[in-house]
Amino acid sequence: MAQRLKSILLSTGFIVVVAFALRMVYCWYILGIREIAIPDKHPYGAETGAIAASIAAGRGFSSPVLGLASGPTAWLAPIYPYLLAGIFKLFGIFTFKSSVMIRSLDMAFSAFVCWPLYAIGKKVFGTTVGAASAWLWALLPAGIYYSVIWVWDTALAALCMTLLFAATLHIRGRNKLAWWLGYGALWGFSAMVNPSVLSLLPFLALWALWPLRKEWHRAAKLALASAVIFLAGITPWTVRNYVVFHKLIPLRSNFGLELWLGNSPEVPDTWAGFLHPTNDREEAARYLRMTEIPYMEEKQSEAFAFMRSHPVDTTRFFFRRFEDNWIGSWDAPADEWRYLHLVDKLALVWNCLFSLLALAGTLLVNRAKNKAAFPFTVALFVFPLLFYATHTDERYRQPIDPLMCLLAVFAVDYALAYLTKRASSLHRAAQSAPGLG
């Protein structure tokens, strides 16, 4: 019986099913108690939902601000909005049925993260750490919450990042062409879901190629073949953007706005979300009047001008966003502790503990000179950099949260192994002491 229970708990399929079931329970609690999407035609998904509604209504990839017919857009990468548009076509635009289907899909994406996460942990740290990491992701509050509440590419981006990391480990030092072609295709697909994952592309790809450096001719051919497939995946979207906007926009157009929201005189702490066109009528009218590209260019110019003229404020915002990224708050925990409700206090404690354990895991994996130390370190320290410059949110970090689960579990496993070894040594020393035994 004990062996069978262990086999079940170590089963990837079982962990995925439990992860999905937990998300489904929470979803129906939210839908039933808080009525998050009960009324038909009540919009959800912000810019993603607005673009998907436009596609489903036959107006093409356009109008990212709800209620504003602003024309073609490159505000977001195309895969997730088109996925939502397909659901809208089948079940109706902003209907309750569509809401349930979209959230079910997001919950499935989030649950399936357990599969590559387990594979990474097993390959790098062993079965126990792999299984425990998958269980931690299955139970992780942020993983459950955002896959249910936020209609966005968050869960799919986390799955893509985890698959990319697993694929990088798998092909490192191998010269099989088919694997490298698939690797390029996976990067291309992931870029079309959420381009933020590309911040890790040069680091992971070079790390995977490094063992082949002595066969540089072969390595160059593999890299070129992978790059061609990757470019083939993103080029149609880039060409569409050039034809529509007469400007080279490889993936997304909204960087200028996001930079301005985090770097302007109106920013109170980390960003001025209240000035987003979806929240501010004047900005929405300005966006409509100027059209998308001139509007984004103006915002980028204003943001850079502010950053040059206000270096102290820019630095302060940067470090506040750094704090917000890792603990979920831009204020010092001691300052806001007395004002928080119990649930918020527990969330803050967990955020701090989770981040500290992931950081400890990063330090320990480097200390142990583990072969995967470099990609883990890069993922934690490089991926958030763009958000420190623009603005942060807990869901923006979600693509690397599964890797943080692995590092956190590894840190605990490392500590337990050390304590067990230390206790065993002390016990042997006590037994061998004169007069004992």
Side-chain angles (χ1 to χ4, degrees), residues 46-48 50-51 62-66 68 70-77 152 191 194-202 234 237-238 241-242 244-326 328-332 381-397:
E47 300 99 298
T48 300
I51 294 171
S62 64
S63 306
V65 180
L66 281 167
L68 205 66
S70 55
T73 183
W75 196 298
L76 298 173
W152 204 262
N194 190 324
S196 66
V197 302
L198 294 180
S199 62
L200 301 186
L201 171 57
I234 68 170
W237 180 247
T238 304
N241 291 339
Y242 187 81
V244 171
F245 299 108
H246 308 292
K247 182 180 176 64
L248 182 62
I249 304 171
L251 299 169
R252 293 177 64 172
S253 65
N254 67 328
F255 174 74
L257 173 63
E258 306 303 333
L259 188 67
W260 176 75
L261 289 172
N263 299 276
S264 75
E266 290 79 15
V267 175
D269 295 296
T270 62
W271 76 305
F274 54 89
L275 291 179
H276 196 284
T278 57
N279 299 321
D280 186 274
R281 290 185 178 181
E282 290 185 9
E283 285 299 325
R286 188 176 185 83
Y287 169 71
L288 180 62
R289 182 175 67 255
M290 295 183 67
T291 69
E292 183 160 296
I293 304 306
Y295 178 81
M296 297 299 176
E297 290 174 343
E298 179 184 79
K299 294 306 178 188
Q300 181 171 308
S301 178
E302 290 178 4
F304 282 136
F306 174 85
M307 295 167 76
R308 287 192 298 268
S309 60
H310 296 76
V312 175
D313 286 333
T314 301
T315 304
R316 177 168 59 88
F317 295 156
F318 183 93
F319 282 105
R320 285 206 163 201
R321 288 190 282 264
F322 176 89
E323 183 180 2
D324 182 48
N325 180 75
W326 295 110
S329 172
W330 52 75
D331 291 322
F381 291 103
V382 171
F383 180 78
L385 287 177
L386 177 63
F387 303 111
Y388 299 156
T390 53
H391 54 86
T392 49
D393 190 284
E394 189 177 16
R395 67 186 175 89
Y396 296 167
R397 199 192 68 192

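With contacts defined as side-chain heavy-atom distances shorter than 4.5 Å, the pair T270/H391 does not qualify. Residues K299 and E283 have side chains in contact (heavy-atom distance under 4.5 Å, counting atoms from C-beta outward). Looking at heavy atoms from C-beta onward, P64 lies in side-chain contact with E292 at the 4.5 angstrom threshold. Taking the side chain as every heavy atom from C-beta outward, S70 and W75 never approach each other to under 4.5 Å. Side chains of F387 and R321 form no contact here, defined as non-hydrogen atoms less than 4.5 Å apart. In this structure, F306 and V267 have side chains that are not in contact, with every pair of non-hydrogen atoms separated by 4.5 Å or more.
The minimum heavy-atom distance linking S63 with A50 is given by the pair O-CB, 3.4 Å. Closest of all the heavy-atom pairs between A284 and P277 is CB-O, 3.4 Å. The heavy-atom pair separating I249 from A74 by the smallest distance is CG2-CB, 4.3 Å. When all heavy atoms are compared, the tightest approach of G262 to F317 is O-CD1, 3.6 Å. What you find for F383 and S199 is that their closest heavy atoms are CD1-OG, 3.6 Å. For the residue pair P202 and L198, the shortest heavy atom distance occurs at CD-O, 3.6 Å.
In this structure, the side chain of N263 engages the main chain of A389 through a donor-acceptor pair within 3.5 Å. Put simply, the side chain of T315 gets close to the backbone of P311: a donor and an acceptor are under 3.5 Å apart. When atom types are taken as modelled, the side chain of T392 and the backbone of Y388 share no donor-acceptor pair closer than 3.5 angstrom. For the pair S264 (side chain) and L261 (backbone), a donor-acceptor distance under 3.5 Å is absent. When atom types are taken as modelled, the side chain of R397 and the backbone of N325 share a donor-acceptor pair closer than 3.5 angstrom.
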Worked check of side chain to side chain contact (heavy atoms under 4.5 Å, CB included) between W260 and L275: CA-CA 10 Å; W260 176 75; L275 291 179; 3.8 Å; yes

Y287 and L257: CA distance, side-chain angles, deciding distance, side chain to side chain contact (heavy atoms under 4.5 Å, CB included) verdict: CA-CA 10 Å; Y287 169 71; L257 173 63; over 6 Å; no

Criterion side chain to side chain contact (heavy atoms under 4.5 Å, CB included) on L259 and F304, from CA distance to verdict: CA-CA 8 Å; L259 188 67; F304 282 136; 3.6 Å; yes

Side chain to side chain contact (heavy atoms under 4.5 Å, CB included) between T390 and F255, intermediate numbers included: CA-CA 8 Å; T390 53; F255 174 74; 3.9 Å; yes

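Comment: R316 engages D313 in a salt bridge, judged by a side-chain N to carboxylate O separation of less than 4.0 angstrom. Using a cutoff of 4.0 Å between basic side-chain nitrogens and carboxylate oxygens, E258 and R252 are not scored as salt-bridged.
Expressed to the nearest 0.5 Å, how far CD of Q300 lies from CG of N254 amounts to 11.0 Å.
In summary, of the residues considered (D280, N279, T278), a side chain to side chain donor-acceptor pair (under 3.5 Å) with H276 occurs for T278 alone. When the options N241, I234, L76 are evaluated for a side chain to side chain contact (heavy atoms under 4.5 Å, CB included) with L251, the one that passes is I234.
Residue Y242 qualifies as open at atom OH: its count of foreign heavy atoms under 6.0 Å is 12 or below. Surrounding CZ of F319 are at most 12 heavy atoms belonging to other residues, nucleotides or ligands under 6.0 Å away.
Partners of R395 according to the side chain to side chain donor-acceptor pair (under 3.5 Å) rule, which considers only residues two or more places apart in sequence or in another chain, do not exist here. Every residue was checked against the salt bridge (Lys or Arg N to Asp or Glu O under 4.0 Å) condition with E47, not counting sequence neighbours, and none meets it. For W237, there are no side chain to side chain donor-acceptor pair (under 3.5 Å) partners, not counting sequence neighbours.
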